[in-house]
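The structure appears below as structure tokens.
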Number of protein chains: 2
Amino acid sequence: MSLELTPVQAVACCSPLSREPLSEEAAEQASVVLKALGDPVRLRLMSLVASHEGGEACVCDLNDAFELSQPTISHHLKVLHEVGLLDREKRGVWVYYRARAEVLQNLASLIGGQAA
Amino acid sequence: MSLELTPVQAVACCSPLSREPLSEEAAEQASVVLKALGDPVRLRLMSLVASHEGGEACVCDLNDAFELSQPTISHHLKVLHEVGLLDREKRGVWVYYRARAEVLQNLASLIGGQAA
DNA sequence: TGTAGATATTTACATGTGTCTATGTCTCTT
DNA sequence: AAGAGACATAGACACATGTAAATATCTACA
């Protein structure tokens with residue numbers, strides 16, 4: 001168990017962008033999460049999972065939504081998972097990804113929030 | 001005057017991520033704005049400008065905040081300007097960038113918003 | 001046990017990106 | 001008009017990234 005903050009933990013730590021200048025460290029971490037969402041395929045994947053019933057979706061559902069190879073979708077899901085935007089759970093043969101709503105909330109607060 | 005939507009206009013058009021799947025077009029446009037924020041230097045620049053008094057800052061102030069060359073800062077400001085996150089105004093010898101707060105708000109709503 | 005199906009990993013490659021140096025443009029001042 | 005300062009642009013280069021084909025791993029079931 002490392003003492004390092006994961007990117008998503010760091011996102012939750014700060015005042016909104018517009019309130020005070022982001023520290024170098026906070027910017028470094030938050031930008032990792034934003035970069036993960038800064039790809040059209042990953043943004044749609046995130047939206048597909050988050051808007052799916054129960055906030056989770058099977059990879060089998062996701063592959064069909066794109067005209068991309070299965071390894072490519074797998075790669076994008078891995079990126080979203082690694083920055084903490086998606087949780088991953090294997091159930092039998094299938095793998096389910098679940099959107100971490102609180103992470104999206106924290107990110108939204110960082111970008112547009114009024115509060116401290 | 002083109003009929004194409006700029007990225008920031010497109011960001012304001014949609015339900016939140018988690019409400020319904022983002023359309024391919026909406027994702028394409030929103031991801032451009034998110035990608036612009038997905039760099040630590042640009043994120044800090046955006047924060048510096050947005051949190052500066054009056055919501056605007058002179059390039060001369062911004063250059064000193066980084067250990068990067070002046071052209072590099074200029075390049076990042078251009079990226080933020082091109083996606084519509086920063087307005088640009090020349091006053092005499094100086095150039096002022098102004099944060100577009102409503103764009104940040106719309107983006108925050110897209111990511112974490114509860115409303116339609 | 002062996003075969004089929006779902007997902008991940010590896011490898012490779014073309015393209016994109018962040019940075020710098022050098023140079024250009026514009027504006028004020030002398 | 002000529003020089004100086006603020007900012008932008010152009011060009012170059014190392015490195016990151018999105019994608020696909022081939023392959024591996026894991027699980028269920030016959």
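Below, read A as the first sequence line, B as the second, and so on, with proteins coming before strands; counting in each chain starts at 1.
Listed in residue order, the members of residues 46-56 of chain B having a heavy atom less than 4.0 Å from DNA chain D come to none.
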**Request:** Check step by step if side-chain contact (heavy atoms from CB on, under 4.5 Å) holds for B/Trp94 and B/Val59.
**Result:** CA-CA 7 Å; B/Trp94 293 280; B/Val59 175; over 6 Å; no
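Applying the side chain to side chain donor-acceptor pair (under 3.5 Å) rule to B/Ser69 yields the partners B/Thr72; only residues at least two apart in sequence or on another chain are considered.
Residue-level contact check: A/Tyr96 touches neither bases nor backbone, having no heavy atom under 4.0 Å from any strand.
Sorted by first and then second residue, the pairs that involve residues 34-44 of chain B and meet side-chain hydrogen bond (donor to acceptor under 3.5 Å, both in side chains), not counting sequence neighbours, are B/Arg42-B/His76. Sequence neighbours left out, the pairs with a member in residues 53-62 of chain A that pass side-chain hydrogen bond (donor to acceptor under 3.5 Å, both in side chains) are A/Glu56-A/Arg91, A/Glu56-A/Arg98.
Side-chain contact between A/Leu68 and A/Asn63: absent, with no pair of heavy atoms (C-beta onward) separated by less than 4.5 Å. You'll find the side chain of A/Phe66 reaches within 4.5 Å of the side chain of A/Ile73, heavy atoms only. Using a 4.5 Å cut-off on side-chain heavy atoms (C-beta onward), A/Met46 and A/Leu104 make contact.
Expressed to the nearest 0.5 Å, how far OG of A/Ser47 lies from CG of B/Leu110 amounts to 8.0 Å. Interatomic distance, CD1 of B/Ile111 versus CG of A/Leu107, reported as 4.5 Å (0.5 Å rounding). Taking CG of A/Leu86 as the reference point, atom OH of A/Tyr97 lies at 7.5 Å (rounded to 0.5 Å).
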**Request:** For each nucleotide in nucleotides 17-30 of chain D, reading 5' to 3', give B when a protein heavy atom comes within less than 4.0 Å of its base, S when such contact involves only the sugar-phosphate, and - otherwise.
**Result:** SSBBBB---SSS--
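Counting 5' to 3', DNA chain C first comes under 4.0 angstrom of a heavy atom of chain A and last does so at the ends given by C/dA6 to C/dT9.
Contact between the side-chain N/O atoms of B/Tyr97 and the OP1/OP2 oxygens of D/dA6 is not found at any separation under 4.0 Å.
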